[in-house]
K.L.:
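Got a structure here, written out as structure tokens. Questions coming.
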Amino acid sequence: AASSDIKAFFNPDVKGVKSSTVQSWNSGGTAGELPAERKRASFNVALMTNTLDGGAENTERRRFILAPLEKMDSIDKYNMDRPELMEAHFRDFIAIHIGFTSEGYIPTRREVLWMAEAATNSGSLMTHFSLFLPTLLGQASNEQMAQWVPRALNFKMIGSYAQTELGHGSNVRGLQTIATYDKATQEFILNTPTLQSMKWWNSNVGLAATHATVYAQLILDGQEKGVHVFMVQLRDEEHRPLPGIELGDVGNKLGDHAIDTGYIRLKDVRIPRKHLLSKRQHVAPDGRYVKSSKAEGSGKAHYATMMQARAGMIQIAGGKLAIAATIAARYSAVRRQGFRDDQQGVSFRGEENKIIDYQVQLYRVLKQVALVYATKFTGQWINNRLEGDVLGEDELPEDFVEIHASAAGLKGLCCYLAAEGIEDLRKACGGHGYLLSSGIAALAADYVWQTTAEGDYVVMLLQTARFLMKCADLAKAGKPLPGLTTYMAPLKDPKFHLGVDGHPPAAKDVKTFFNLDYLSSLFRFRALNAVADAHTRLQARLKTTTSSQAWNASSLCLVETARSHCYYFMLNKFIEITRTIADPAIAAVLQKLCALFALTNILEGQQWSGLISADQMALVETAVEELLTALRPEVVSLVDAFDISDKVLRSTIGRYDGNVYEALYEHAAASRLNFEQPFRGYKQYLQPHLDRDFMKLHNKPLPPKM
């Protein structure tokens, strides 16, 4: 139908929709639900926000950094296709940032993480700033940075991070892209010689990037020098691929549709000798491989760069799960289902229960809220340890090794838990959670890739497990242990009895499970036993097979051992923060939430078997029930403290004002499909089969002869 005729097919009555506490033709009647919930809280939300941010100054700074986002026009991303999402991303991202970057402003790591948590239409320029630019800062020489960094900051060039290949991801050493040095021309010749060696999954390569930092095997006089990073221009001044370069988008993904994730094929592509990123090494004109002086960077700095990326993803995991928890908690406090008085004969107009008042729903929501707080406090601690010019320090932090190893497992675990948590919260929102306009459905699809980014979560946990096995060796030898791994000290005793030695005393009552010191002792004991058991198994296998075979045969146990260590790490940081709180109301709520975080893992976690008896587990279940009751009045305010605006939530069901049904109707009325009527294919495929005379009845009785 022509646009002028659309009202004959679709004419929604949305103009009269309004907020109200009473149901009517124009209102869902839920305007009073969330204000009433907020009055029940026992703590000051603003103070809790400051606690989550690490202080009032950080809250003020975060709001300043995110303020431009609030001023941008809203986009209906759920009714947009990929080209439209890309266009909106470039328009909005550049508009927000150009005023800062043109003045030479470079955001701190903390500010970048705040922006990443709040990003509502992540696209090509997010990866330009989060992967391409940090690679230059960490790998390029001062001369190279002077040439490229200002251009990258001011959108004069757009970069991609081209490491992953079609056939290789986690095994970086196995990359097959080749960079061969030609002495005669002082150029590197880059090739992706096989189908598997083409670059793949490289964000913003498909359509946007003009340049890429390409990871390739350096070949000098036939000798392999390992993987190095090269600056490669991909497109010319008209944005066309340069000779020898094939570029394309890999196709539609599960989510993150504004990013043109792409592939690169290189065939005899020549680049200047000085396009090898040379902070730590360079190739001389005659082909000699020259390692740079200490002033140009150290090997430790390479690990610090990787560690910072992983630490950042821990914080982002908490931020994204916080969005889902906010939506689910608010919706659960608005949605009513099931009569309070369920006797027969009660009118359908009788009062119904809020779904948050069903114990299972409350458990699902509060479990994830507690996880958000634990993840945020863990991310806050580890990122604070890495704040400042860590890359330039000659002496890295004393606990660098522990932070590096723990960051790997924590990145894996937190990203995995966030993805799982977002999905469970989506399901907890029922049918409305399936709508993209809920915000939570789109978030589930957009976030899930982060469980594999910067290393699959299992690979990350195994990295931490390798560190734990080395620490177990130290413990058995009676040597000093780094940081939190001092819990392994009892392993020095050759008579250490697995599952017995160091076991905390059994709890005498439910209240014992509210004691954070007691819960910490349980998690410490589990970690100790997990490490001891895994180490024993690994050592036994090493006597009969190779190191790699023994490791693989023990990996199921090792993954769970790393998980137990990481949970102890997270609980430890949660407790540390809780004990720094001066405000008694905030401290009381956080103590309950911290206990709930621990107890939900005891109920659902692994490696507790044999450590907690059946009668103790019954006490745990009762403790969880009591905590749910105690925290019920706090639910909405606990998620309000995340301080996530409606602009960031982009949710019809998680709005701050609680006007869920008005928002759902208004968004449905804006669906593009409503404005293509009759629908495409109607006349060709359906109309010929319809009984049009029958359709002419218009709800009148069927005539006898029809």
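Only this structure's heavy atoms are used, side chains among them; waters, hydrogens and symmetry mates stay out.
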K.L.:
Pick from T326, V648, L649: which one makes a side chain to side chain contact (heavy atoms under 4.5 Å, CB included) with F642?
P.N.:
T326
K.L.:
Near L556 CG, under 6.0 Å, is it more than 12 heavy atoms from other residues, nucleotides or ligands?
P.N.:
no
K.L.:
Does N202 use its side chain to pair, donor to acceptor, with the backbone of W200 at less than 3.5 Å?
P.N.:
yes
K.L.:
What pairs with F467 under ring-ring contact (aromatic ring centres under 6.0 Å, His included), at least two apart in sequence or on another chain?
P.N.:
none
K.L.:
Check the side chains of Y215 and H168 for a donor-acceptor pair under 3.5 angstrom, ignoring hydrogens and angles.
P.N.:
no
K.L.:
Which heavy atom of A162 sits nearest to which heavy atom of I264, and what is that distance?
P.N.:
CB-CD1, 4.0 Å
K.L.:
Got a donor-acceptor contact below 3.5 angstrom from the S651 side chain to the S438 backbone?
P.N.:
yes
K.L.:
Between CD of E246 and OG1 of T192, what distance do you get to the nearest 0.5 Å?
P.N.:
8.5 Å
K.L.:
Using a strict cut-off of less than 4.0 Å between a Lys/Arg side-chain nitrogen and an Asp/Glu carboxylate oxygen, indicate whether K376 and E117 qualify as a salt bridge.
P.N.:
yes
K.L.:
Roughly how far apart are I323 CD1 and L443 CG, rounded to 0.5 Å?
P.N.:
5.5 Å
K.L.:
I need the K199 NZ to L166 CG distance, nearest 0.5 Å.
P.N.:
11.5 Å
K.L.:
Hey, could you give me the CG/OG distance between L276 and S141, rounded to the nearest 0.5 Å?
P.N.:
9.5 Å
K.L.:
Less than 4.5 Å apart, side chain to side chain, heavy atoms only: is that true for V149 and Q144?
P.N.:
no
K.L.:
Verify, without hydrogens or angle tests, whether N384 (side chain) and Q380 (backbone) share a donor-acceptor contact under 3.5 angstrom.
P.N.:
yes
K.L.:
Going through the distances and angles, do T194 and Q176 end up as a side chain to side chain donor-acceptor pair (under 3.5 Å)?
P.N.:
CA-CA 8 Å; T194 67; Q176 296 177 356; 3.1 Å; yes
K.L.:
What closest approach, in Å, do A324 and I440 show between heavy atoms, and which atom pair accounts for it?
P.N.:
O-CD1, 3.7 Å
K.L.:
Can you check whether S160 reaches T127 side chain to side chain, under 4.5 Å on heavy atoms?
P.N.:
no
K.L.:
So, H667 and D76: side-chain donor and acceptor under 3.5 Å apart, yes or no?
P.N.:
yes
K.L.:
Between Q233 and R235, is there a donor-acceptor pair closer than 3.5 Å when you use the side chain of the first and the backbone of the second?
P.N.:
yes
K.L.:
I want to check a possible cation-pi pair here: K225 against Y289, using under 6.0 Å from ring centre and within 45° of the ring axis as the test.
P.N.:
yes
K.L.:
I want to know whether F93 and H128 have ring centres closer than 6.0 Å.
P.N.:
no
K.L.:
Just checking W381 against F569, ring centres under 6.0 Å apart?
P.N.:
yes
K.L.:
For F230, is there any backbone N or O sitting under 3.5 Å from a side-chain donor or acceptor partner on H275?
P.N.:
no
K.L.:
Is it true that the side chains of E70 and S645 contain a donor and an acceptor less than 3.5 Å apart?
P.N.:
yes
K.L.:
For K274, does the NZ atom have more than 12 heavy-atom neighbours from other residues, nucleotides or ligands under 6.0 Å away?
P.N.:
no
K.L.:
Passes salt bridge (charged side-chain N to carboxylate O under 4.0 Å, His left out), R270 versus D182? Steps please.
P.N.:
CA-CA 9 Å; R270 290 178 172 267; D182 183 349; 3.0 Å; yes
K.L.:
I need the F129 CZ to T101 OG1 distance, nearest 0.5 Å.
P.N.:
5.5 Å
K.L.:
Taking NZ, NE, NH1 and NH2 as the nitrogens, is one of them in D643 or R62 under 4.0 Å from a carboxylate oxygen of the other?
P.N.:
yes
K.L.:
Is the side chain of K279 donor-acceptor paired with the backbone N or O of S292 at a distance under 3.5 Å, no angle test?
P.N.:
no
K.L.:
Less than 4.5 Å apart, side chain to side chain, heavy atoms only: is that true for M145 and L137?
P.N.:
yes
K.L.:
Any sub-3.5 Å donor-acceptor pair from Q217's side-chain atoms to L175's backbone N or O?
P.N.:
yes
K.L.:
Once you round to the nearest 0.5 Å, how far does NZ of K77 lie from NE2 of H257?
P.N.:
9.0 Å
K.L.:
Check side chain to side chain donor-acceptor pair (under 3.5 Å) between Y434 and all other residues, then give those that pass, not counting sequence neighbours.
P.N.:
none
K.L.:
Looking at every heavy atom in both I316 and A116, which two are closest together, and how far apart are they?
P.N.:
CD1-CB, 3.6 Å
K.L.:
Just checking, is any N or O donor in the side chain of N383 or R109 under 3.5 Å from an acceptor N or O on the other one?
P.N.:
yes
K.L.:
Shortest non-hydrogen contact from L136 to M231?
P.N.:
CD2-CE, 3.6 Å
K.L.:
Should we count NZ of K647 as having more than 12 external heavy atoms under 6.0 Å?
P.N.:
yes
K.L.:
Where do T451 and V448 come nearest, in terms of heavy atoms and distance?
P.N.:
OG1-O, 2.9 Å
K.L.:
For L125, is there any backbone N or O sitting under 3.5 Å from a side-chain donor or acceptor partner on N204?
P.N.:
no
K.L.:
Are Y181 and F188 an aromatic pair by the rule of ring centers under 6.0 Å?
P.N.:
yes
K.L.:
Treating Q368 as the side-chain partner and L321 as the backbone partner, does any N or O pair qualify as donor plus acceptor under 3.5 Å?
P.N.:
no
K.L.:
Regarding S122 and D256, do their side chains bring together a donor and an acceptor under 3.5 Å, going by distance alone?
P.N.:
no
K.L.:
For R680, I'd like to know if atom CZ has over 12 heavy atoms of other residues, nucleotides or ligands within 6.0 Å.
P.N.:
no
K.L.:
If you take all heavy atoms of A407 and I382, which pair is closest and at what distance?
P.N.:
CB-CD1, 3.8 Å
K.L.:
Examine distances only and state if a side-chain atom of D249 and a backbone atom of L207 form a donor-acceptor pair shorter than 3.5 Å.
P.N.:
no
